[in-house]
Amino acid sequence: QEQLVESGGDSVQAGGSLKLSCTSSGYSYIYSCMGWFRQLPGKEREMVATRRFSGEHSTSYADSVKGRFTILEDNNKNIVHLQMNSLKPEDTGMYYCALSVLCAGRWPDRLTWTYWGQGTQVTVSS
């Protein structure tokens, strides 16, 4: 059974940085897509960033995080990170990672997300 586990969530002040990690229990990200999502208080879950780990290794970011967040690959092909810089209070929320096996669906906004993690909380204070 595939399992994704997020870690790295914490409380930081505005302008600070956090590095989230998503660890897969068994499925390598090679030939698949991985996404980071977040659910802000009172809002629906939204895509933050997605990355294709095959072919061109394309990456897509939400406009709200462009230039501040970066998906990073790990030497361990079962771990992917989300580096978050210049954090703002409006980034506060629960962050989730998800995996799309073989990038099923349409890149980047209509992928079929096969597995989800349980989430890690990020809190940014002003």
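We're numbering straight along the sequence, starting at 1.
In this structure, Leu4 CG and Thr23 OG1 are separated by 9.0 Å, a value rounded to the nearest 0.5 Å. The structure places OG of Ser21 at 9.5 Å from CG of Leu82, a figure rounded to the nearest 0.5 Å. The distance from atom CG of Asn78 to atom OG of Ser25, rounded to the nearest 0.5 Å, is 8.0 Å. Taking OG1 from Thr70 and NZ from Lys19, the interatomic distance works out to 11.0 Å, rounded to the nearest 0.5 Å. Here CG of Leu18 is found 9.5 Å from CG of Asn85. Values are rounded to the nearest 0.5 Å. Atom CD1 in Ile71 sits 9.0 Å away from atom OG in Ser60 (nearest 0.5 Å).
Residue pairs meeting the ring pair (Phe, Tyr, Trp, His ring centres under 6.0 Å) criterion with at least one partner in residues 46-90, sequence neighbours excluded, are Tyr29-Phe53.
With respect to the salt-bridge test (charged N to carboxylate O, under 4.0 angstrom), the residues Asp91 and Lys88 do not qualify.
Checking Arg51 against Thr59 by side-chain atom types alone, a donor-acceptor pair falls below 3.5 Å.
Looking at every heavy atom in both residues, Met34 comes nearest to Cys97 through SD-CB, 3.8 Å. Counting all heavy atoms, side chain and backbone alike, Val101 lies closest to Thr114 at N-OG1, 3.4 Å. In this structure, Trp107 and Ser58 approach most closely via the heavy-atom pair CH2-O, 3.4 Å. Here the closest non-hydrogen pair linking Ala14 and Pro89 is CB-CD, 4.0 Å. Residues Trp36 and Cys22 share a closest heavy-atom pair of CZ2-CB, 3.6 Å. Closest heavy-atom contact between Gly119 and Glu6: N-OE1, 2.8 Å.
By the 4.5 Å heavy-atom criterion applied to side chains, Met84 and Val122 are counted as neighbours. Contact of the Gln83 side chain with the Ser17 side chain is registered, since non-hydrogen atoms from C-beta on lie closer than 4.5 Å. Looking at Ser7 and Thr120, their side chains never come closer than 4.5 Å, going by heavy atoms from C-beta outward.
No donor-acceptor pair under 3.5 Å is formed between the side chain of Glu73 and the backbone N or O of Lys77. Looking at Arg38, its side chain never comes within 3.5 Å of a backbone N or O of Gly93 through a donor-acceptor pair.
Linking ILVMFWY side-chain heavy atoms closer than 4.5 Å, directly or via other members, places Ile79 and Ile30 in two distinct hydrophobic clusters. When hydrophobic clusters are built by joining Ile, Leu, Val, Met, Phe, Trp and Tyr residues whose side-chain heavy atoms come closer than 4.5 Å, directly or via intermediates, Val48 is not grouped with Leu40. Under a hydrophobic-cluster definition in which Ile, Leu, Val, Met, Phe, Trp and Tyr are linked whenever side-chain heavy atoms come within less than 4.5 Å, directly or via other members, Tyr95 and Met47 are assigned to different clusters. Leu20 and Leu72 are assigned to two separate hydrophobic clusters, defined by single-linkage of ILVMFWY side chains at heavy-atom distances under 4.5 Å. Under the 4.5 Å side-chain heavy-atom criterion for ILVMFWY residues, a single connected hydrophobic cluster contains both Phe37 and Met94.
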Pair Val80-Asp74, side-chain contact (heavy atoms from CB on, under 4.5 Å): steps then yes or no: CA-CA 6 Å; Val80 176; Asp74 194 282; over 6 Å; no

Stepwise side-chain contact (heavy atoms from CB on, under 4.5 Å) test for Gln121 and Thr92: CA-CA 8 Å; Gln121 177 68 33; Thr92 294; 4.1 Å; yes

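Tyr96 and Trp116 have perpendicular rings, their planes meeting at more than 60° on a 0 to 90° scale where under 30° would count as parallel.
For Glu46, the CD atom is densely surrounded, since the number of other residues' heavy atoms within 6.0 Å is greater than 12.
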